[in-house]
Amino acid sequence: MIDNLEITRRVQEALPWIIEKRRDLHRHPERSGKETRTSALVVRTLEELGVEVRTGFHTTGVAGIIRGSRPGRTVGLRFDMDALEMQELTDHDFRSEVPGMMHACGHDGHTAMGLGVAKVLSGMREELAGTVKLIFQPAEEDAQSGGGAQYMIRDGVLKDPDVDVMIGMHLWPDLDLGAVGTRPGAMMAGSDPFIINIRGKGGHASMPHTAADPVLAGSHIVTALQSIVSRNVDPFAQAVVTVGVFRGGTRYNVIPETATLEGTVRTFDEAVRLQVRDRVIAIAEKTAEALGTVAEVDYRLTYPPLVNDPGIYERAKSCIQDILGPDNFIEVPRPAPGGEDFAFFAKAVPSAFLFLGYRKPGETPVQPHNPHYDFDESALGVGVRVFLRCALDLGKGVSA
Ligand SMILES: [Zn+2]
Ligand SMILES: [Zn+2]
């Protein structure tokens with residue numbers, strides 16, 4: 001039985017190597033779905049460690065498989081690999097060497113943690129029950145293309161061996177360095193955009209009776225959409241409906257032919273998500289019709305709400321408390337309003353998503369997607385320790 005002190009010792013020993021990998025990845029950021037160098041580095045490193053490698057999952061996705069010495073469950077650990085189209089403004093000597101691309105969401109750290117888990121765990125096969133599948137995922141940031149997670153699932157990443165349970169983690173500015181947090185139930189928002197095109201009949205502003213006014217119809221639609229949260233959604237559930245764009249018309253004395261609305265919906269529960277979608281479509285179509293116009297709604301379900309399984313949450317919580325000490329587990333009070341495509345894994349198998357703190361006492365942490373984004377690399381050691389404890393415990397096959 002490997003104890004926490006030994007895990008911590010081995011991770012500390014591996015930390016300079018993990019940091020070196022992170023800085024290599026940081027210097028060479030790649031856009032969503034085009035993580036070819038990153039993917040090759042992951043494959044090469046896993047092979048050097050003697051880890052079984054599979055590729056061919058949605059563009060650049062990679063799976064590493066570590067089989068334990070005893071039977072047990074298959075635990076999936078997920079690490080995202082993509083960067084963002086933005087110019088880095090830090091003065092690190094390992095800053096981005098690619099103009100206009102930056103690892104500003106910490107996915108370089110996530111990928112390096114995956115390699116760190118592979119390095120330490122491949123030397124612990126004797127202690128491991130079950131199998132650990134390390135899932136290196138492309139295109140987390142690209143919600144418009146549907147993200148990478150659902151396509152890796154389509155391409156069979158959760159099969160052979162079949163993944164029973166999953167853990168994911170994201171570097172998080174609102175928790176202290178050394179702490180890891182999570183919560184039961186909703187963890188991050190579902191985020192779905194919509195476009196409403198309203199077609200009317202143009203005419204002279206002085207003769208509205210000969211026209212069908214799409215600006216008037218759009219105005220009623222914007223107002224009526226606000227009834228969804230106040231009149232349709234359960235008061236104890238949460239949702240946001242925002243119209244951010246209202247486009248229509250070219251002149252003060254012309255009734256235009258068309259108007260366009262664009263907006264976004266955030267929800268934390270799948271049933272509420274579908275309820276809001278159905279209401280947006282019905283309100284837009286029926287309101288437009290009542291006013292003599294026609295609305296076409298392009299409503300996209302992109303990332304679903306990320307919901308933690310209550311049983312896996314409990315297991316993850318006790319793993320975190322065990323390896324980091326009780327004070328370094330934080331029960332996160334509210335779900336975060338951002339989207340995260342780990343949600344697709346969490347819909348497929350019982351899962352928990354964890355936040356890895358990097359806030360330092362007395363300092364204001366730099367938020368993700370900021371050109372000055374940065375985190376203390378010792379957080380990576382904390383994350384690897386938690387991943388290892390979760391993998392070793394969840395693999396044992398005690399029912400979740
Ligand atoms: Zn991001
Ligand atoms: Zn991210």
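In listed order, ligands and their atoms are each counted from 1.
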(request) With Arg78 as the cation and Phe136 as the aromatic partner, state whether NZ or CZ is under 6.0 Å from the six-membered ring centre and within 45° of the axis. (result) no
(request) May I ask you to check whether Phe79 and Phe387 place their ring centers less than 6.0 Å from one another? (result) yes
(message) I'd like to know: is the Zn ion (ligand 1) within the 2.8 Å range of an N/O/S atom from His369, strictly under that distance?
(response) yes
(request) Nearest 10° is fine: what angle sits at the Zn ion (ligand 2) between SG from Cys105 and NE2 from His107? (result) 100°
(request) Looking at Glu141, pick out the N, O or S atom nearest to the Zn ion (ligand 1) and give its name. (result) OE2
(request) Indicate the ring-plane relationship of Phe353 and Phe342, choosing parallel, tilted or perpendicular according to the 30° and 60° boundaries. (result) tilted
(request) If the plane angle is over 60° it's perpendicular, under 30° parallel, otherwise tilted; pick one for Phe94 and His92. (result) parallel
(message) Taking backbone and side chain together, does Glu140 place any N/O/S atom at a distance below 2.8 Å from the Zn ion (ligand 1)?
(response) no
